[in-house]
There are 2 protein chains.
Amino acid sequence: MKRGTHQRNAIRKALLNAGRPLSVNEVFALAQNEVAGLGIATVYRNLKALQLEELIVQVDLPGQPPRWEKAPERHHHHFLCRTCDKLSEIQDCPEGLRHLLPEGYTLEEHDILLRGQCDTCTRVTNSYANRK
Amino acid sequence: MKRGTHQRNAIRKALLNAGRPLSVNEVFALAQNEVAGLGIATVYRNLKALQLEELIVQVDLPGQPPRWEKAPERHHHHFLCRTCDKLSEIQDCPEGLRHLLPEGYTLEEHDILLRGQCDTCTRVTNSYANRK
DNA sequence: ACGTTAATGATAATCTATTATCAATAGTAG
DNA sequence: CTACTATTGATAATAGATTATCATTAACGT
């Protein structure tokens with residue numbers, strides 16, 4: 001039977017509370033704050049398990065290892081900060097993507113990744129720029 | 001001094017004629033039709049070289065190794081066929097992505113990947129569906 | 001509290017993609 | 001044509017991410 005361990009709870013909690021997709025190492029670091037001595041293999045194992053239980057989903061990015069987020073309630077996309085490398089959620093979704101398709105093509109899904117600087121990093125950049 | 005070899009020419013030709021981004025193995029296969037005995041290391045070497053010369057660019061996809069395409073003249077996106085795994089170019093680009101951003105965020109770039117079935121694979125699927 | 005066994009931690013092994021090595025080959029300047 | 005050396009092909013090595021192994025630990029039904 002499935003057991004409720006501190007490790008599993010810490011990993012699940014990290015993902016449910018983060019509010020954004022986390023990398024394996026982000027999950028590892030956060031869960032270690034709860035469970036000293038946590039091993040990275042346990043993180044990988046529980047990520048797979050939580051995915052099977054459909055509590056979390058894998059988020060694939062171009063040119064990067066996947067991140068993990070709480071199973072989303074609605075369709076959404078992501079924003080990647082080029083400075084702090086944090087991924088955040090974007091609620092809205094552009095319209096009319098189907099019209100971009102060539103004749104005869106069938107559209108089933110779409111991935112959109114916006115990239116730039118998050119609010120925090122934008123603020124820091126601006127404060128540097130404003131110095132004389 | 002830089003030399004013009006059959007291998008380099010075959011690799012360049014494959015990419016310039018393809019009209020769509022190619023994986024390393026696609027380049028390898030196409031160039032082998034021109035140059036028997038071509039080695040995979042030569043493909044990797046020349047992809048890097050052509051990238052440095054800015055004749056080709058790397059195309060990163062979520063959850064896949066990169067592909068390579070002729071250095072594009074205009075901004076564009078891609079369509080990935082879930083059936084034949086071929087990547088093709090999409091000319092247009094949705095408007096108003098900036099409006100999707102939360103307050104304080106700075107948008108610099110965006111990646112869009114449409115997924116579904118290309119015209120060829122859509123046709124095949126439909127012809128199966130139409131059989132009694 | 002006990003016994004069973006799922007889960008864990010440490011780390012070796014694996015996997016896939018890419019790069020390094022090096023002897024042999026083949027462009028090309030003269 | 002010759003000499004020089006960039007380039008190649010075969011493959012060993014590397015890199016990074018993930019999975020397997022296995023002895024030990026700790027849930028939890030009884």
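Note on naming: letters A, B, ... go to the chains in the order of the sequence lines (proteins, then strands), and numbering restarts at 1 for each one.
Atom CD of B/Gln7 and atom P of C/dG27 are 7 Å apart (whole Å). The separation between A/Trp68 atom CH2 and D/dA17 atom P is 14 Å, rounded to whole Å. Atom-to-atom, CG of B/Leu47 to P of C/dT19 comes out at 10 Å; the value is rounded to the nearest Å. For the pair B/Leu52 CG and C/dT19 C1', the interatomic distance rounds to 15 Å; values are reported in whole Å. One can place CD of B/Gln64 at 10 Å from P of C/dA17, the figure rounded to the nearest angstrom. The distance from atom CZ of B/Arg67 to atom C1' of C/dA17 is 14 Å, rounded to the nearest whole Å. For B/Ile40 and C/dT19, the CD1 to P distance is 11 Å, given to the nearest whole Å. The distance from atom CG of A/Asn9 to atom C1' of C/dA6 is 15 Å, rounded to the nearest whole Å.
Checking D/dA20, C/dT8, D/dG9 against every side-chain atom of A/Ala41, the shortest atom distance belongs to D/dA20. Taking the side chain of A/His6 as heavy atoms from C-beta on, and the options C/dT18, D/dA27, C/dT8, the nearest nucleotide is D/dA27. When each of D/dG9, C/dG27, C/dT8 is scored by its nearest atom to the side-chain atoms of A/Arg45, the top-ranked nucleotide is C/dT8. When distances are taken from the side chain of B/Arg8 to each of D/dT18, C/dG9, D/dT8, the shortest belongs to D/dT8. Among D/dT7, C/dT8, C/dT18, the nucleotide with an atom closest to any side-chain atom of B/Thr5 is D/dT7. Distances from the side chain of A/Arg3 to the nucleotides D/dT8, D/dC4, D/dA26 place D/dA26 closest. If you check D/dG9, C/dA17, C/dG27 against the side chain of B/Pro65, the one that comes closest is C/dA17.
Heavy atoms of B/Asn25 sit nowhere under 4.0 angstrom from any nucleic acid atom.
OP1 or OP2 of C/dT8 lies within a sub-4.0 Å distance of a side-chain N or O belonging to A/Asn46. Between A/Tyr44 and D/dT19 there is no side-chain polar atom (N or O) within less than 4.0 angstrom of OP1 or OP2. Proximity of B/Lys2 to the phosphate of D/dA6: no side-chain N or O atom is located under 4.0 Å from OP1 or OP2.
With no hydrogens or angles considered, no side-chain donor-acceptor pair links B/Gln7 and B/Thr42 at under 3.5 Å. Side-chain contact of A/His75 with A/Gln91: a donor-acceptor pair under 3.5 Å is absent, judged by distance alone. Side-chain contact check for A/His77 and A/Glu89: no donor-acceptor pair (N or O, by modelled atom type) lies under 3.5 Å. B/Gln58 and B/Asp60 share a donor-acceptor pair across their side chains, judged by distance under 3.5 Å alone. Residues B/Glu53 and B/Gln51 have side chains that never bring a donor and an acceptor to within less than 3.5 angstrom of each other.
Comparing B/Met1 and B/Gly39 by the nucleotide of DNA chain D whose heavy atom lies nearest to each, the residue mapping closer to the 5' end is B/Met1.
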